[in-house]
Number of protein chains: 2
Amino acid sequence: MEEEKRTVRAVERALDVLSCFTGKSEWGLSEIAAQIGLHKSTVHRLLATLEDRGFVIRDEATEKYRLGLRILELSANLSREDDPSVVLLPDMERLRDEIGETVSLYVRDRNERVRIQAVQSSQAIRRVATVGVRLPLSVGASSKVLLAFDDPSVRNAAMADPSWPASVEKDKFIRQLDEIRERGYATSFEEREPGAAAVSAPIIGRSGKLVAALAVSGPSNRLTPDVMHDHAAAIMEAARRMGQRLG
Amino acid sequence: MEEEKRTVRAVERALDVLSCFTGKSEWGLSEIAAQIGLHKSTVHRLLATLEDRGFVIRDEATEKYRLGLRILELSANLSREDDPSVVLLPDMERLRDEIGETVSLYVRDRNERVRIQAVQSSQAIRRVATVGVRLPLSVGASSKVLLAFDDPSVRNAAMADPSWPASVEKDKFIRQLDEIRERGYATSFEEREPGAAAVSAPIIGRSGKLVAALAVSGPSNRLTPDVMHDHAAAIMEAARRMGQRLG
DNA sequence: TACACAGTTTCATAGAATGAAACGAGGGAA
DNA sequence: TTCCCTCGTTTCATTCTATGAAACTGTGTA
């Protein structure tokens, strides 16, 4: 209980204001105040500061706030030359062309996963994958890969998180992860999203540590369980090669 | 002098810390403190807050700080469906294929310009253009377009900015902008960067207001003044069509 | 062993961030 | 028109919070 905070409250609040802009791109001042539970005048000052530094701007037409271009500038400096999302892009495109479905790359960020790269299927009916989205670690093929092939402490922390859904029974889930680690890949069928399915395999770097999860996803009527198992070998092999490519 | 500040100091400082990560992606704590002119312990607290919210992370190997994936998440929500950088991408690719050089899209952000979209030339020797970079409004073809075709108050503000270089004489520059407005396009030859040249034309929306500058750039031995003038008509026409496409 | 340097923690104090309240400015509705 | 209702802005007294000096830890190096 005595969790000594070494953080700055005003900054925390400002970052919470910024984080509002994930999911909804246009916010009014009072709307944000209600969302975070702060007083209007506080939010007003925070937004003024964020605007001054170019992190948010006001849409001239609607008078509402949206993200500023400083975010774009920062995101340009997010990845280095040796970043998986850059290095592995050609391999992902090759796999997409081979299988014909959308290919994504996920990494774990605390108790969530983030899609750091995606190449879209060119098929008419396809899964559209946005780079940058955050998804829970409790469901989905690549979630299970990210938990199965990392240190056990990682999955323990994830399952201890308050966001962990009670519907996912922990002991059963752990057994599932054990199977996946043996088999070398994970699948999901209409698990997180109705009508969608995915196969995922671990990308393990030269040091032997898990780096990311490679996932192939598509509509569940094309990616039936049988089809997914047919693709599994190719996906695992691609993931293995990608791991070797990393420093 | 009595400029009443309506901003929050702690937040300003935190955002300045974040802004350090444009240009250099790895920083140590003391390094940042020296850069911004703050005490170590202050920066320590700010970084702890930024890290807590996922805006920065510590590189496990180097123990230094780098940007966190929350920035990626925010940048995913930066653009809407009607965003020029999304809507105009196909047109930009078409122009790139027609001319064979890198095509960029710039917008003005206060007294700077930002490259919000780019499609690369496939030629071996080419200009590589990073999306998100900030450049001065005082030099370069698209700078001149952004100032020539916007409200005169914009160019006045830009020239009054302390960052405006003394080497660019103001009255001469204004005359140059007048010529560009008549001609309909601007060029630059080894102006900002040695060995590089560019042609730029304004993208004007249906409302008649300047939205962005379209630029074609490449090595100055390929994009000679003559070649650039030959391309000008096609670029202006492409920009005109792109303007019509916007809401 | 001593030194230098990066990061962490503590703590008294100043002053900065806060939020209640009042204010101004549209925008509908009647 | 007039009357709300809501949104954003500004003010200001109060207190709690951010601050920075200093001490401390740890790691690498001369």
Side-chain angles (χ1 to χ4, degrees), chain A residues 1-21 23-68 80 110 207, chain B residues 1-21 23-68 80 110 207:
Chain A
M1 337 235 103
E2 306 238 348
E3 288 298 313
E4 283 280 347
K5 279 194 180 182
R6 277 167 257 294
T7 53
V8 180
R9 195 182 59 167
V11 174
E12 279 184 326
R13 290 172 163 184
L15 298 180
D16 289 345
V17 169
L18 261 188
S19 298
C20 282
F21 293 90
K24 189 170 145 197
S25 59
E26 268 202 349
W27 291 79
L29 188 152
S30 307
E31 211 173 353
I32 295 178
Q35 169 77 21
I36 327 189
L38 294 176
H39 283 250
K40 287 195 301 180
S41 63
T42 304
V43 175
H44 182 254
R45 251 174 293 122
L46 295 175
L47 279 171
T49 314
L50 289 167
E51 190 184 12
D52 181 68
R53 290 296 196 268
F55 283 76
V56 303
I57 50 167
R58 311 189 73 160
D59 192 294
E60 297 188 11
T62 62
E63 283 278 295
K64 286 173 180 276
Y65 290 90
R66 48 177 58 248
L67 288 175
R80 300 168 295 174
R110 317 231 182 174
S207 63
Chain B
M1 339 232 103
E2 307 238 349
E3 287 299 311
E4 284 281 348
K5 278 194 180 180
R6 278 167 257 293
T7 54
V8 180
R9 196 182 60 166
V11 174
E12 278 184 327
R13 290 171 162 185
L15 297 179
D16 289 345
V17 169
L18 260 188
S19 298
C20 282
F21 293 89
K24 188 171 146 197
S25 58
E26 269 203 349
W27 291 78
L29 187 153
S30 307
E31 212 173 354
I32 295 178
Q35 169 76 21
I36 328 190
L38 294 176
H39 284 250
K40 286 197 301 180
S41 63
T42 304
V43 175
H44 182 254
R45 251 173 293 120
L46 295 176
L47 280 171
T49 314
L50 289 167
E51 189 185 11
D52 181 67
R53 290 296 196 266
F55 284 75
V56 303
I57 50 167
R58 310 188 75 161
D59 192 295
E60 296 187 13
T62 62
E63 282 278 296
K64 285 172 179 280
Y65 290 90
R66 49 177 58 252
L67 287 175
R80 299 168 295 173
R110 317 230 181 175
S207 62

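Just so it is clear: chains get the letters A, B, ... in the order the sequence lines come, proteins before strands, and each one is counted from 1.
Between the CG atom of A:Asp59 and the P atom of D:dG8 there is a distance of 13 Å, given to the nearest Å. Rounding to whole angstrom units, NZ of residue A:Lys40 and P of C:dT18 are separated by 17 Å. When rounded to the nearest whole Å, the span between CD of B:Glu31 and C1' of C:dC5 equals 13 Å. Atom pair B:Lys64:NZ and C:dC5:C1' shows a separation of 12 Å (rounding to whole Å applied). Distance CZ (A:Arg6) to C1' (C:dC11): 14 Å, rounded to an integer number of Å. Distance, A:Tyr65 OH to D:dC7 P: 14 Å, rounded to whole Å. A:Glu12 has its CD atom 15 Å from the P atom of C:dA17, to the nearest Å. At whole-Å resolution of the value, CG in B:Leu38 and P in C:dT8 are 16 Å apart.
A:Arg58 contributes no side-chain N or O that forms a donor-acceptor pair with the base of D:dG8 under 3.5 Å. Applying the 3.5 Å distance criterion, the base of D:dG8 shares no donor-acceptor pair with the side chain of A:Ser30.
Map A:Val11 and A:Arg45 each onto its nearest nucleotide of DNA chain D; the residue landing nearer the 5' end is A:Arg45. Two residues, A:Ala10 and A:Leu29, neighbour DNA chain D, and the one matched to the more 5' nucleotide by heavy-atom proximity is A:Leu29.
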Criterion side chain to side chain contact (heavy atoms under 4.5 Å, CB included) on B:Tyr65 and B:Val17, from CA distance to verdict: CA-CA 11 Å; B:Tyr65 290 90; B:Val17 169; over 6 Å; no

Using the side chain to side chain contact (heavy atoms under 4.5 Å, CB included) rule, take A:Phe55 and B:Leu18 through it: C-alpha gap first, then chi angles, then the decisive distance, then the call. CA-CA 10 Å; A:Phe55 283 76; B:Leu18 260 188; 3.9 Å; yes

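Distances shorter than 4.0 Å separate none of the side-chain N or O atoms of A:His44 from OP1 or OP2 on D:dG8. Applying the 4.0 Å criterion to OP1 and OP2 of C:dG19, one finds that A:Arg13 has a side-chain N or O inside that range. For A:Thr42 and C:dG19, the shortest distance from a side-chain N or O to OP1 or OP2 is below 4.0 Å.
For the pair B:Lys24/B:Gln35, no side-chain contact is recorded, criterion being any heavy-atom separation below 4.5 Å from C-beta on.
In terms of heavy atoms, A:Ala10 sits closest to B:Val11 at O-CG2, 3.4 Å. Nearest heavy atoms, B:Glu26 versus B:Asp59: OE2-OD2, 3.7 Å.
Proximity note for B:Arg9 (side chain, C-beta onward) versus C:dA17, C:dT10, D:dA18: the nearest is C:dA17.
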